[in-house]
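What's counted below: heavy atoms across the whole structure, side chains too, no hydrogens, waters or symmetry copies.
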Amino acid sequence: TLSSRRLEIGDTNLYYKSETTYTNLNLIEADQWTGEQDTQRADTVNEISYQSKLPFFNLSLTPRWGIEETFYTIGTEDKDFLRTAVFGGWDLTTKFYRIYEVEKEFLDIELQRLRHVITPRIEYNWRNEPTVPAEDLLQFDDTDTLAEEDFYTISLENKLQTKRPTGPGGKMESIDL
């Protein structure tokens, strides 16, 4: 597997992320008459996103678009082929926080100010129908079951943070509790 972290493209607020895997797969059926199936699979997922701040309620909107392509050396029809699926979506999030002036030790944790952060998020995801349906693939794992999707996810993250001195200079850094 070769993965890149989310990389900014120049100074544009556009970001690129990629993950590529190569796998040599062997499927041995329990039924001795079925035999075994071998294939090699190269899967790459490439995504571009744009991070933006909306001018109200401190909202952050991140639309994203991508393509997943998977090359198989053999399918159920004994020939090489390429499966493609286009995907996209967006994240909408904001943060609310309050800082409490606390300086004490609690459960062997040194607290230097305590920040309570609440992050609500709405996420939308879609993927078109892949060019090769899952039924035409040998089924090894989730990569082979790729299908059309269209859904929302709503989440709420609740986090406590404090600051601690780190390194020889004692610079204060935020630590999640």
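Counting all heavy atoms, side chain and backbone alike, Asn46 lies closest to Phe87 at O-CZ, 3.9 Å. Shown here for Ile122 and Trp90, the closest heavy-atom pair between the two residues is O-CZ3, 3.6 Å.
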Verdict with reasoning, Asp91 to Arg121, per side chain to side chain contact (heavy atoms under 4.5 Å, CB included): CA-CA 7 Å; Asp91 293 335; Arg121 174 181 309 252; 3.7 Å; yes
Starting from the C-alpha separation in whole Å, work towards a yes-or-no answer on side chain to side chain contact (heavy atoms under 4.5 Å, CB included) for Thr44 and Glu68. CA-CA 6 Å; Thr44 183; Glu68 180 170 356; over 6 Å; no
Run the side chain to side chain contact (heavy atoms under 4.5 Å, CB included) test on Glu148 and Asn128 for me, step by step, so that the C-alpha distance in whole Å, both residues' side-chain angles and the decisive distance to 0.1 Å come before the verdict. CA-CA 5 Å; Glu148 182 177 15; Asn128 72 334; 5.8 Å; no
Assess whether side chain to side chain contact (heavy atoms under 4.5 Å, CB included) is satisfied between Gln161 and Val117, documenting all intermediate values. CA-CA 8 Å; Gln161 298 176 322; Val117 183; 3.8 Å; yes
Begin with the C-alpha distance, continue with both residues' side-chain angles, and end with the deciding distance and a verdict on side-chain hydrogen bond (donor to acceptor under 3.5 Å, both in side chains) for Thr73 and Thr39. CA-CA 5 Å; Thr73 58; Thr39 189; 3.2 Å; yes
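For the residue pair Ser49 / Thr62, no side-chain donor-acceptor distance below 3.5 Å is found, with atom types taken as modelled. With hydrogens and angles left out, the side-chain atoms of Arg64 and Gln51 include no donor and acceptor closer than 3.5 Å. Judged purely by distance below 3.5 Å, without hydrogens or angles, the side chains of Asp43 and Thr143 never pair a donor atom with an acceptor atom. Side-chain atoms of Thr84 and Glu69 form a donor-acceptor pair, as typed in the model, at a separation below 3.5 Å. Side-chain N/O atoms of Tyr152 and Glu123 include no donor and acceptor closer than 3.5 Å.
A side-chain donor-acceptor contact under 3.5 Å links Thr12 to the backbone of Leu14. Glu8 places a side-chain N or O within 3.5 Å of a backbone atom of Asn13 that can act as its donor or acceptor partner. Side-chain N or O atoms of Thr20 include none that pairs as donor or acceptor with a backbone N or O of Ser3 at under 3.5 Å. Not a single donor-acceptor pair under 3.5 Å links the side chain of Glu101 to the backbone N or O of Ile99.
The environment of Tyr97 atom OH is sparse: at most 12 non-hydrogen atoms of other residues, nucleotides or ligands sit within 6.0 angstrom. Heavy-atom neighbours of Asn158 CG from other residues, nucleotides or ligands within 6.0 Å: above the threshold of 12.
Note that the CG atom of Leu2 and the OG atom of Ser18 stand 7.0 Å from one another [nearest 0.5 Å]. Taking NZ from Lys159 and OG1 from Thr119, the interatomic distance works out to 6.0 Å, rounded to the nearest 0.5 Å. One distance of note links CZ of Arg6 with NZ of Lys17; it measures 8.0 Å at 0.5 Å rounding. In this structure, CH2 on Trp65 lies 9.5 Å from OH on Tyr50, to the nearest 0.5 angstrom. The OG1 atom of Thr153 lies 11.5 Å from the OH atom of Tyr124; values are rounded to the nearest 0.5 Å. Of the inter-residue distances, the one linking Gln40 atom CD with Thr23 atom OG1 reads 10.0 Å to the nearest 0.5 angstrom.
Residue Leu160 is not grouped with residue Leu156 when hydrophobic side chains (ILVMFWY) are merged at heavy-atom distances under 4.5 angstrom, including chains of intermediate members. Cluster annotation: Val132 is connected to Tyr72 through the hydrophobic network of ILVMFWY side chains, with a link wherever side-chain heavy atoms come within less than 4.5 Å. Each of Ile48 and Trp126 belongs to its own hydrophobic cluster when Ile, Leu, Val, Met, Phe, Trp and Tyr are linked at side-chain heavy-atom distances under 4.5 angstrom. When hydrophobic clusters are built by joining Ile, Leu, Val, Met, Phe, Trp and Tyr residues whose side-chain heavy atoms come closer than 4.5 Å, directly or via intermediates, Phe96 is not grouped with Ile154. Cluster annotation: Val45 is not connected to Leu137 through the hydrophobic network of ILVMFWY side chains, with a link wherever side-chain heavy atoms come within less than 4.5 Å.
Side-chain contact between Gln139 and Thr145 is present, with heavy atoms from C-beta onward closer than 4.5 Å. Using a 4.5 Å cut-off on side-chain heavy atoms (C-beta onward), Asp141 and Arg41 make contact. Looking at heavy atoms from C-beta onward, Thr94 lies in side-chain contact with Pro120 at the 4.5 angstrom threshold.
By the 4.0 Å N-to-carboxylate-O rule, Glu19 lies too far from Arg5 to be salt-bridged with it. Contact check on Asp144 versus Arg83 returns no salt bridge, with no Lys/Arg side-chain nitrogen under 4.0 Å from an Asp/Glu carboxylate oxygen.
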